Number of protein chains: 2
Amino acid sequence: MTDDAHGTAIRVERPAKTLRELALDKVREAILNGYFRPGDRLVERDLCAQLGVSRTIVREVLRHLESEGLVANLPNKGPIVAQLNHDEAKQIYEIRGALEGMAARLCAEQRNPAIADALDKSLEDIRNSYRDKDMAGVLAHTSSFYQTLFSMVDRHIAWGVVNLLTVRINHLRSMTIKTQNRDVQGPVQMARIVDAIRRGDGEGAYQAAMQHVASASAIAQAVLSGRQPID
Amino acid sequence: MTDDAHGTAIRVERPAKTLRELALDKVREAILNGYFRPGDRLVERDLCAQLGVSRTIVREVLRHLESEGLVANLPNKGPIVAQLNHDEAKQIYEIRGALEGMAARLCAEQRNPAIADALDKSLEDIRNSYRDKDMAGVLAHTSSFYQTLFSMVDRHIAWGVVNLLTVRINHLRSMTIKTQNRDVQGPVQMARIVDAIRRGDGEGAYQAAMQHVASASAIAQAVLSGRQPID
DNA sequence: TACCATATTATGGCCTACCAAGATTATGCA
DNA sequence: TGCATAATCTTGGTAGGCCATAATATGGTA
């Protein structure tokens, strides 16, 4: 009661994540950073030992990652780290294009200068990270750029979908941003999105966002084919 | 060995779903058909008793449904059936529009008459179901229509996303298809999609698909506001 | 030696029982 | 009546065990 009367503005953000959430993050992270490789078996009892938690937790975590698409469950064999093929990667980029394009269009139609300003800030962070060869930073700030795109027009569900799909192509992302010229081309393409938004040009923003994803997809396909992109 | 030598053509499709999958389907179905209403608490031990399975299973099922967005987990209170507000429903329809529009465009660009034929067949099923006042059939065949749209161009990931989002607005779907004139308007709009695909008109197919979802969304908003649509 | 049938092991699916901690409700006393 | 304390409910988490199946090792026989 008294608490409610005082509002919840300064409520401390409970760091009290459950053990399950902690374990989930750990395992997801382990898959994303390559500690577990695609195709690796994820033996429940081994994970219990490695994580120091009970099987209950491990099983829930595996189920969760399964629904995220990071883990596949072979019948009568058990869970393995999911493998992504060319085609699926392409489909994921395509979906991102559709949704990010949609969000970009909505941002442009909002005619709110604060949006473009916020995006510019993320873009600046990305450029700095490229300059410092901080590739983890590039990824993080790129995510932040897109999160801004979605959250500025209150599309948190679409952002959730994009985010969910993005983790599955995480390793591709880290490879595409390292390819030749991407440090220049990437930001240039993203700046086009911001420009269109600032102009209030919905269709232009849509096209620019689509094009950015399309070029990332092309690079990813090249990487997956084992050859470097022609550029 | 001998089995493999004979191929796998007649392999029996394992009905051997795990207990967990069975329970998952049961609970999901119970939520979708309204046995559990939005906001209802889902007490683990009660579910154990009702389903006749252990807490292990129930917990995994609840986690899974949580990641599907059908169940929400209140900290220190436990899981409840997720409630969908206006805005989220609108967002989901919007995403469906973007993805179904994308799929429709791809179908049109395929220039394969078989696609339009297959869609026409689903459309016929929908009309028949409407005629017989078989609303469950309408929903099923509508899903089948869209599944065709995605699977004909091998976009199973996008279909998965649409499917995932669709269960969350299931109750809205059953209400929208029952509104006045929807039995005529719905099929007419879908026929426009098929026509555009048959003509190879990608942009037209995209627009038609978007429009179909948009009108469903508008009806849903009206239903959510408590009033019937003006039509 | 080659081969087949039988243990053994590894592992997932599933269960019961238990404890701790937080929230809620009941209870009893001043 | 009002407040503090106790009982209860429920989830988070643990431990350990049972069973079924698949893969692997083992050993005996032709």
Side-chain angles (χ1 to χ4, degrees), chain A residues 1-6 8 11-28 31 36-37 39-67 70-82, chain B residues 1-6 8 11-28 31 36-37 39-67 70-82:
Chain A
M1 280 291 172
T2 47
D3 273 37
D4 279 16
H6 292 136
T8 58
R11 169 106 45 118
V12 56
E13 209 47 58
R14 57 174 56 216
K17 280 193 160 189
T18 65
L19 201 51
R20 181 175 55 82
E21 290 171 293
L22 259 17
L24 175 61
D25 291 343
K26 282 277 186 201
V27 178
R28 189 194 288 112
I31 292 176
F36 294 124
R37 320 284 289 278
D40 279 3
R41 294 191 60 183
L42 297 170
V43 178
E44 289 182 4
R45 287 170 172 86
D46 290 356
L47 285 176
C48 292
Q50 292 191 56
L51 294 168
V53 299
S54 71
R55 256 183 94 197
T56 311
I57 304 291
V58 168
R59 290 182 56 116
E60 289 177 24
V61 165
L62 289 175
R63 296 280 117 73
H64 194 118
L65 292 172
E66 195 183 339
S67 72
L70 277 180
V71 164
N73 224 330
L74 309 182
N76 291 326
K77 278 203 138 184
I80 63 170
V81 178
Chain B
M1 277 293 174
T2 47
D3 273 36
D4 279 16
H6 291 136
T8 58
R11 170 103 47 114
V12 57
E13 209 47 57
R14 58 173 56 218
K17 279 191 161 193
T18 65
L19 201 51
R20 182 176 55 82
E21 290 171 292
L22 259 18
L24 176 61
D25 290 343
K26 282 276 186 203
V27 179
R28 189 193 288 112
I31 293 176
F36 294 125
R37 320 285 289 279
D40 280 4
R41 292 192 60 182
L42 298 170
V43 177
E44 289 181 5
R45 283 172 171 88
D46 290 356
L47 284 177
C48 293
Q50 293 191 56
L51 294 168
V53 299
S54 74
R55 257 185 90 200
T56 311
I57 304 291
V58 169
R59 288 181 57 146
E60 290 175 28
V61 166
L62 288 175
R63 299 298 167 226
H64 193 120
L65 292 173
E66 196 183 337
S67 73
L70 276 181
V71 164
N73 225 329
L74 310 183
N76 291 326
K77 276 204 140 184
I80 63 170
V81 178

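These numbers come from the heavy atoms of this one structure, side chains and all, not from hydrogens, waters or symmetry mates. Please read these numbers as outputs of a predicted model, since none were measured by experiment. A, B, ... follow the sequence lines: proteins, then strands. Residue 1 opens every chain.
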Just how far, in rounded Å, is C1' of D:dT24 from NZ of A:Lys77?
13 Å
If you compare every side-chain N and O of B:Arg63 against the phosphate oxygens of D:dG12 (OP1, OP2), does one of them come in below 4.0 Å?
yes
Of the candidates D:dG12, D:dT14, C:dC15, the side chain of B:Asn73 sits closest to D:dG12
Taken to the nearest whole Å, CG/A:Leu24 to C1'/D:dG13 is 16 Å
Any B:Arg20 side-chain heavy atom under 4.5 Å of B:Thr56 side chain:
no
With a 3.5 Å cut-off and just heavy-atom distances, do the side chain of B:Arg20 and the base of C:dG12 make a donor-acceptor pair?
no
Under 3.5 Å donor-acceptor, A:Arg28 side chain and A:Leu70 backbone:
no
Protein-nucleotide distance (A:Leu22, atom CG; D:dG12, atom C1'), rounded to Å
13 Å
I'd like to know if A:Arg55 reaches the base of D:dG13 with its side chain such that a donor and an acceptor end up less than 3.5 angstrom apart.
no
Compare all side-chain heavy atoms of B:Leu51 with those of B:Ile57 and state whether any distance is below 4.5 angstrom.
no
Integer-rounded Å distance: D:dT14 C1' and A:Glu60 CD
12 Å
Any base atoms under 4.0 Å from B:Leu42, or only sugar-phosphate, or nothing? Heavy atoms, all strands.
sugar-phosphate
Among D:dG13, D:dG12, C:dC15, which is the nearest nucleotide to the side chain of A:Ser54?
D:dG13
Confirm from the modelled atom types if B:Arg59 and D:dG13 form a donor-acceptor pair under 3.5 Å, side chain to base only.
yes
When rounded to whole Å, the CG to P distance for the pair B:Leu47 and C:dC15 reads 14 Å
Mind checking whether A:Glu60 and A:Arg63 have side chains closer than 4.5 Å, heavy atoms only?
no
For a 4.5 angstrom cut-off between non-hydrogen side-chain atoms, does B:Glu44 reach B:Leu47?
no
Distance in angstrom units between B:Ile80 CD1 and D:dC9 P, rounded
22 Å
Go through D:dG12, D:dT14, C:dG12 for me and flag the one nearest to the A:Arg45 side chain.
C:dG12
Atom pair distance, as rounded to whole Å: CG in A:Leu74 and P in C:dG13:
11 Å
Is there a side-chain contact between A:Asn76 and the phosphate of D:dA22, meaning an N or O under 4.0 Å from OP1 or OP2?
yes
Rounding to an integer number of Å, can you tell me how far B:His64 NE2 sits from C:dG13 P?
14 Å
Ranking C:dC15, D:dT14, C:dC18 by distance to the side chain of A:Ile57, first place goes to D:dT14
Side chain of A:Val43 - closest among C:dC14, D:dG13, C:dG12
C:dG12
